[in-house]
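Following: one structure in structure tokens, then a few remarks.
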There are 2 protein chains.
Amino acid sequence: MNIGDVATRSGLPAKTIRYYEDIGLIKPHRSANGYRCFQEADLHKLAFLGRARALGFSIEDCRMLMALYEDESRASADVKQLALEHLSKIEAKIADLQAMRDTLTELVHCCAGDSRPDCPILKDLSGALSPEVEAKAE
Amino acid sequence: MNIGDVATRSGLPAKTIRYYEDIGLIKPHRSANGYRCFQEADLHKLAFLGRARALGFSIEDCRMLMALYEDESRASADVKQLALEHLSKIEAKIADLQAMRDTLTELVHCCAGDSRPDCPILKDLSGALSPEVEAKAE
DNA sequence: CTTGACCTTCCCTTGACTGGAAGGTCCATA
DNA sequence: TATGGACCTTCCAGTCAAGGGAAGGTCAAG
């Protein structure tokens, strides 16, 4: 298979596949004309990577997950630990975003959104303590 | 004030403050020795930027928010629209992260995490349909 | 007079790609 | 056989919002 075929079948852009080769995640063979030449196993790896990335794992996590996947004497505990660490990062991000969302929602709620310049959003950003937002924060 | 003082007082690293000057968000004066020389107004701007960034606004959003803040004939509707667009991006991110979290939580739950190689997390990444995760997805 | 804390600019690195230029290859059609 | 278009290749630059560190200038205390 050429890169276009694996791109279609894996759902990953050709650019991304080349990048993954660049950083050593996959090692496709080359045809006589210099084109990359992918086996089914390469496609399988790419699909694996695509799913891991879609779950938010970093490239380095993916590298370790692939290594574990290919290590038949692995301990599932190692995989689970990777996943748990990743999970806690995700939960921290969610909490951060939710805090932003809550503050923003409240500020937006307080803003008239009309043609007048007076704006509690800007007032808050400029350092003024907004009574409504403060109250909600308690 | 020198950059160290505003860094301390604004809570932003000196590197970040120089960067903000670089991209035109602030324009501190210079002393005879070439040192940046910050007024209270610069400090106020930096604090504004710090708070806007903490709410997740992009640098370009911050630039617009600052412009609106300094425009006494602004319409609060413009500020509100910026905030609402940002809010919807945040909500989309939260939803993405929650979906990842839910899948990961389920996978982690299914994994024994012991010394054996068998692992539902890797099984899922490799493309197998996991009955438990599939069931939860319904 | 020296030490150490501060300041300056400059360039490189991050993560995970994406875009684009310049050029080679392959295949079908005229 | 020519040619056009769809592929493929490598390489370089850019994204976002800084952070790291080198090389060198400045300032104040002891």
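Naming convention: chains lettered A, B, ... in sequence-line order (proteins, then strands); numbering from 1 in each chain.
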Please tabulate the protein-to-nucleotide N/O contacts below 3.5 Å involving nucleotides 14-21 of chain C, giving atom names and distances.
{"residue": "C:dA16", "atom": "OP1", "partner": "A:I59", "partner atom": "N", "Å": "3.4"}
{"residue": "C:dA16", "atom": "OP2", "partner": "A:I59", "partner atom": "N", "Å": "3.4"}
{"residue": "C:dA16", "atom": "O3'", "partner": "A:R53", "partner atom": "NH2", "Å": "3.4"}
{"residue": "C:dC17", "atom": "OP2", "partner": "A:Y20", "partner atom": "OH", "Å": "2.6"}
{"residue": "C:dC17", "atom": "OP2", "partner": "A:R53", "partner atom": "NE", "Å": "2.8"}
{"residue": "C:dT18", "atom": "OP2", "partner": "A:T16", "partner atom": "OG1", "Å": "2.9"}
{"residue": "C:dG19", "atom": "N7", "partner": "A:K15", "partner atom": "NZ", "Å": "3.0"}
{"residue": "C:dG19", "atom": "O6", "partner": "A:K15", "partner atom": "NZ", "Å": "2.8"}
{"residue": "C:dG20", "atom": "O6", "partner": "A:K15", "partner atom": "NZ", "Å": "2.3"}

Looking at every heavy atom in both A:L107 and A:I121, which two are closest together, and how far apart are they?
O-CG1, 3.8 Å
Proximity to DNA chain D (any heavy atom under 4.0 Å), residues of residues 27-48 of chain A only:
A:R30, A:G34, A:Y35, A:R36
Contacts to DNA chain D from residues 2-12 of chain A, heavy-atom cutoff under 4.0 Å, which residues?
A:N2, A:I3, A:G4
Taking every non-hydrogen atom, the tightest pair across B:A83 and A:L104
CB-CD2, 4.4 Å
What is the distance from CD of B:E21 to P of C:dC7, rounded to the nearest Å?
14 Å
Name of the residue among A:L68, A:I23, A:L49 meeting side-chain contact (heavy atoms from CB on, under 4.5 Å) with A:R63
A:I23
For DNA chain C, what string of dots and brackets results from 5' to 3' when Watson-Crick and G-U pairs need both distances under 3.5 Å, crossing pairs get [ ], and pairs with another strand get |?
||||||||||||||||||||||||||||||
Does A:K80 come within less than 4.0 Å of A:E85, counting only side-chain N to carboxylate O?
no
N/O donor-acceptor pair under 3.5 Å between A:R53 side chain and A:F57 backbone:
yes
If the threshold is 4.0 Å, N to carboxylate O, is there a salt bridge linking B:E21 and B:R18?
no
Rounded off to whole Å, could you give me the CD1-to-P distance for the A:I23 and C:dT13 pair?
17 Å
Write down the distance between NE2 (B:H86) and C1' (D:dC16), rounded to a whole number of angstrom.
14 Å
Taking CG from B:L25 and P from D:dC16, how many angstroms apart are they, rounded to a whole number?
13 Å
Any ion pair linking B:K123 and B:D118 (charged N to carboxylate O, less than 4.0 Å)?
yes
Which whole-number value in Å describes the distance from B:R18 CZ to C:dC7 P?
7 Å
Here the pair of heavy atoms bringing A:L55 nearest to A:I90 is O-CD1, 3.9 Å
Less than 4.0 angstrom from a charged side-chain N to a carboxylate O is my criterion; do B:K45 and B:E70 meet it?
yes
Identify the residue among B:R9, B:R36, B:Q39 that makes a side-chain contact (heavy atoms from CB on, under 4.5 Å) with B:M1.
B:R9
Under a 3.5 Å distance rule, please check whether A:T16 uses its side chain to pair with a backbone N or O of A:L12 as donor and acceptor.
no
Not counting sequence neighbours, list each pair that qualifies as a ring pair (Phe, Tyr, Trp, His ring centres under 6.0 Å) and has a residue in residues 4-48 of chain A.
A:F48-A:Y69
Using distance only, find each side-chain donor-acceptor pair of residues 110-117 of chain A under 3.5 Å and give its atom names and separation, not counting sequence neighbours.
{"residue": "A:D114", "atom": "OD1", "partner": "A:R116", "partner atom": "N", "Å": "2.9"}
{"residue": "A:D114", "atom": "OD1", "partner": "B:S76", "partner atom": "OG", "Å": "3.2"}
{"residue": "A:D114", "atom": "OD2", "partner": "A:R116", "partner atom": "NE", "Å": "2.8"}
{"residue": "A:D114", "atom": "OD2", "partner": "A:R116", "partner atom": "NH2", "Å": "2.5"}

